[in-house]
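Inspection log for the structure reproduced underneath, given as structure tokens.
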Amino acid sequence: MTIEHSQRWKPLLLSMLLLFGVAPLQSREPAQPFDVVITNGHIIDGTGSPWYSGDIGIRDGKIAFIGNLSEASRHRTIDARGMVVAPGFIDMLGQSEVTILVDPRLPSKIYQGITTEITGEGESIAPLNDAILHADQEQFEHYRIHPDWRTFREYFSLPEKQRMGINLASYVGATRVRRMVLGDNDVQPTPAQLEQMKELVRQAMRDGAVGVSTSLEYAPAPYAKTEELIALAAEASKFGGIYATHMRNEGTGILAAIDEAVRIGREAHIPVEIWHFKVGGKPSWGHMPQAIAKVNAARAEGLDVSADTYAYTAWFNDFSAFIPAWAHDGGNTKLIERLKDPATRERIRKDMLTPSDQWDNEWQEIPGPEAVLVGVVHNPQLLQLQGKTLAEIAKLWNKDPMDALFDLLIEDHALTSVAVFGMSEPDVSLALQQPWISVDNDSSGTSPDGILGQEHPHPRAYGTFPRILRKYVREEHKLILEDAIRKFSALPAQRMRLVDRGVLKAGMCADIVIFDPATIHDAATFDKPNQLSQGMEYVLVNGVLVIDQAKMTGALPGRVLRGPGYVP
């Protein structure tokens with residue numbers, strides 16, 4: 001090969017090396033010292049490839065070099081001997097938009113290895129108006145938050161100014177958009193009102209939202225018809241966004257719900273992410289293969305559909321979700337009035353006792369009241385009920401379990417959250433093993449201390465990712481380690497279009513976790529959930545250590561990650 005030909009091929013060779021994450025050989029050590037060099041670890045890069053050896057050099061928040069750095073100067077060396085070095089974990093549904101303002105370190109997240117969270121489940125933090133602020137005031141007061149934002153642009157400036165321990169991105173919720181224009185009422189938008197809603201989506205996308213989302217189990221979301229959701233999703237699609245959904249039904253009506261999600265993706269020309277993929281309720285146990293087949297059929301058709309899971313057999317949601325959607329018309333105040341009215345209360349009871357595919361009837365999905373565990377209450381006088389089952393509360397109050405449910409909602413202003421044991425382990429593990437399934441925490445970041453430590457959350461809030469590594473990788477061999485890491489990093493990064501995260505290679509942001517795969521484990525249980533996971537020795541967010549030798553540093557290097565439609 002002539003000198004001319006070799007010069008012509010050098011740029012192509014360099015491009016190929018970088019594409020595959022291989023740093024080109026350097027004839028001399030880099031001139032600038034590295035901020036951190038990680039040595040002696042097993043590098044699992046996130047792609048699903050087997051581990052390899054090498055040093056990782058970090059400079060200015062990015063991975064600057066992977067290779068032999070034994071002679072390179074650096075400010076800090078981390079010896080990862082006997083440990084795995086992997087990309088930071090991406091939580092596909094995190095719920096921390098409020099609690100990140102309470103404790104921006106988010107210890108429950110970083111001790112799991114979570115370095116990026118995606119949030120905004122249908123009822124997003126913005127946009128906000130006075131009517132919604134008034135209706136939701138009690139929830140903000142619970143966390144001693146005083147909302148002074150109205151748009152996503154204004155909200156995003158708050159954690160950026162305050163600083164935060166992890167990266168944060170958010171969808172704009174179709175529920176929030178609906179409430180902005182139509183309130184909490186069971187009504188349909190006029191063409192002019194629908195245009196207002198579409199403009200709110202466009203504005204949110206310009207402000208940095210990553211897409212539009214729905215949470216179709218919780219009123220007023222069920223009042224929205226599919227055509228309304230297609231119209232909103234189509235607006236997000238124009239900005240490169242994604243449609244994410246807590247589907248209309250996760251029980252006996254799940255196949256129709258998947259069909260609706262697929263239809264929205266097809267007609268709005270938008271990728272679809274199905275949140276916390278499950279078949280809920282005892283009547284549906286064993287139906288996971290049919291749900292998976294539905295998604296595989298859509299993918300075979302060429303539709304970009306994927307999903308995520310938290311891999312526990314209990315979900316965690318609003319206790320008021322047990323009540324049929326019609327009874328929520330007008331919001332929580334109207335719901336409580338209906339629960340207090342004997343005739344309407346009896347109608348609600350009858351609906352809950354009647355099996356139906358027309359709404360997600362959780363009363364029909366549970367084995368009994370012992371399967372419902374009260375997690376978070378807002379009325380301080382009810383704090384002693386946190387951690388008790390509905391069966392225990394009914395006995396304590398000497399009431400029928402359904403009456404206890406109704407009366408607890410009345411006393412707690414319909415704000416109670418509960419864990420519901422309604423899934424089968426074979427269904428959960430089968431979902432986790434699908435190649436298009438990533439992982440979500442589906443819980444807000446929390447802490448064993450302060451206001452947040454007074455709550456009784458689902459243990460997934462503290463344990464999701466380490467539990468998968470312990471249970472499904474180390475103990476049950478349902479996943480290999482490299483594939484679990486892919487589900488935690490490259491797969492969600494690919495779905496969320498996070499082109500600079502999710503894989504360990506030169507040029508990427510230095511979100512990195514270091515842990516011993518033989519010892520990492522979850523500590524949180526349903527009885528004692530406020531326990532940090534153990535085994536994360538080091539966690540770096542944008543090149544800064546937030547966990548150093550298994551101890552929280554208090555550093556707040558996280559960033560707001562804005563969607564592709566963002567206009568500065």
Counting only N and O atoms by type, is there a donor-acceptor contact under 3.5 Å from the side chain of Q112 to the main-chain atoms of T464? yes
Between the side chains of R349 and D403, is the shortest nitrogen-to-carboxylate-oxygen separation below 4.0 Å, so that they form an ion pair? yes
Is it true that R202 and E199 have a side-chain N and a carboxylate O under 4.0 angstrom from each other? yes
List the atom of S96, the atom of G445, and the distance in Å for their closest heavy-atom pair. OG-N, 2.6 Å
Can you tell me how far CG of L382 sits from CD1 of I393, rounded to the nearest 0.5 angstrom? 8.5 Å
Please tell me whether F322 and F319 form a close aromatic pair, meaning their ring centres lie under 6.0 Å apart. yes
Distance alone, cut at 3.5 Å: any donor-acceptor contact between the side chains of H378 and E141? no
List the atom of F465, the atom of I90, and the distance in Å for their closest heavy-atom pair. CZ-O, 3.8 Å
Exam field: side chain R179 to backbone L128, donor-acceptor pair closer than 3.5 Å: no
Any luck finding a side-chain donor-acceptor pair between W397 and E392 under 3.5 Å? no
Is M92 close to D442 at the side-chain level, that is, under 4.5 Å between some pair of heavy atoms? no
Quick one: does N441's side chain have a donor or acceptor within less than 3.5 Å of a partner on K109's backbone? no
How long is the straight-line distance from OG1 of T175 back to CG of L216, given to the nearest 0.5 Å? 7.0 Å
A side-chain contact here means heavy atoms from C-beta on lying under 4.5 Å apart; do K278 and Y310 qualify? yes
Centre-to-centre under 6.0 Å for Y171 and W275, is that the case here? yes
Using side-chain heavy atoms (C-beta onward) and a distance below 4.5 Å, is V418 in contact with L373? no
Cut-off 3.5 Å, side chains only: do D207 and Q203 have a donor facing an acceptor? yes
Answer yes when E217 and R248 have at least one side-chain N-carboxylate O distance shorter than 4.0 Å, and no when they do not. no
Is the shortest side-chain N to carboxylate O distance from K334 to D186 below 4.0 Å? no
Validation row: P324, W363 side chains within 4.5 angstrom (heavy atoms): no
With no hydrogens and no angle check, is any side-chain donor or acceptor of E273 less than 3.5 Å from a backbone partner on T245? no
What pair of heavy atoms forms the shortest contact from R486 to G48, and how long is it? CB-N, 4.1 Å
For A261 and V272, which heavy atoms make the closest approach, and how far apart are they? O-CG2, 3.6 Å
Under 4.5 Å between any side-chain heavy atoms of L561 and L168, yes or no? no
Quick one: CG on L408 to CG on L390, what's the gap to the nearest 0.5 Å? 8.0 Å
How many angstroms lie between atom CG of L93 and atom CG of D440, to the nearest 0.5 angstrom? 5.5 Å
Does the S124 side chain pair with the main chain of A126, one donor and one acceptor, at a distance under 3.5 Å? yes
Note: R150-D130 ion pair, threshold 4.0 Å (strictly below): yes
Short question: side chain of N249, backbone of A257 - any donor-acceptor pair under 3.5 Å? no
Decide side chain to side chain contact (heavy atoms under 4.5 Å, CB included) for E123 and Y218; before the verdict, give the C-alpha distance in whole Å, the side-chain angles of both, and the deciding distance to 0.1 Å. CA-CA 9 Å; E123 179 64 308; Y218 309 116; over 6 Å; no
Measure across V201 and L232 and return the closest heavy-atom pair with its distance rounded to 0.1 Å. CG1-O, 3.8 Å
Could you check N332 against H413 for side chain to side chain contact (heavy atoms under 4.5 Å, CB included), going step by step and ending with a plain yes or no? CA-CA 7 Å; N332 284 343; H413 310 143; over 6 Å; no
Both conditions, 6.0 Å and 45 degrees, for the charged tip of R460 above the ring of Y312: are they met here? no
Here the pair of heavy atoms bringing G122 nearest to S213 is N-OG, 2.8 Å
Does any N or O in the side chain of E121 come within less than 3.5 Å of the main-chain N or O of H246, such that one atom is a donor and the other an acceptor? no
Are more than 12 heavy atoms, taken from residues, nucleotides or ligands other than K478, located less than 6.0 Å from that residue's NZ atom? yes
Is it true that the side chains of N296 and Q434 contain a donor and an acceptor less than 3.5 Å apart? no
Can you measure from CG (D259) to CD1 (I264) and round to the nearest 0.5 angstrom? 11.0 Å
I need the single residue from Y155, W149, F156 that forms a ring pair (Phe, Tyr, Trp, His ring centres under 6.0 Å) with F152. Which is it? F156
Would you indicate whether the side-chain heavy atoms of S320 and T416 approach each other to under 4.5 Å? no
Measuring from T389:OG1 to K395:NZ, what's the distance to the nearest 0.5 Å? 10.0 Å
If we ignore hydrogens and angles and just use 3.5 Å, is the side chain of D318 paired with the main-chain N or O of A321 as donor and acceptor? no
Step by step, work out the side-chain hydrogen bond (donor to acceptor under 3.5 Å, both in side chains) result for H142 and Q137. CA-CA 9 Å; H142 176 76; Q137 188 62 43; over 6 Å; no
If the threshold is 4.0 Å, N to carboxylate O, is there a salt bridge linking D304 and R495? yes
Donor-acceptor check, side chain of N379 to backbone of E411, threshold 3.5 angstrom: yes or no? yes
Using a strict threshold of under 4.0 Å (side-chain N to carboxylate O), is an ion pair present between R470 and E475? yes
Tell me whether E227 is salt-bridged to R263, with the criterion being a basic N under 4.0 Å from an acidic carboxylate O. yes
Determine, step by step, whether T116 and D91 satisfy the side chain to side chain contact (heavy atoms under 4.5 Å, CB included) criterion, reporting the C-alpha distance in whole Å, the side-chain angles of both residues, the deciding distance to 0.1 Å, and the verdict. CA-CA 6 Å; T116 295; D91 179 357; over 6 Å; no
Side chains of T252 and D357: is there a donor and an acceptor less than 3.5 Å apart? yes
Side chain to side chain contact (heavy atoms under 4.5 Å, CB included), that's the test. Do K225 and Q188 meet it? Break it down for me. CA-CA 8 Å; K225 296 186 184 302; Q188 297 307 308; 3.6 Å; yes
F277 ring center near W436 ring center (under 6.0 Å): yes
Check whether E117 reaches the backbone of Q95 with its side chain - one donor and one acceptor, N or O, closer than 3.5 Å. yes
When you check the side-chain N and O atoms of D351 and T354, is any donor under 3.5 Å from an acceptor? no
If you define the side chain from C-beta out and look only at heavy atoms, does anything of L182 sit under 4.5 Å from P189? yes
How about H458 and F526: are their ring centroids closer than 6.0 Å? yes
Presence of salt bridge, K399 and D407, under 4.0 angstrom: yes
Start with the C-alpha gap between E455 and N530, add the side-chain angles, then the distance that decides, and say whether side-chain hydrogen bond (donor to acceptor under 3.5 Å, both in side chains) holds. CA-CA 8 Å; E455 299 182 343; N530 290 299; over 6 Å; no
Do R345 and R338 have side-chain heavy atoms sitting under 4.5 Å apart? no
Pairing of K198 and E195 as salt bridge, 4.0 angstrom limit: yes
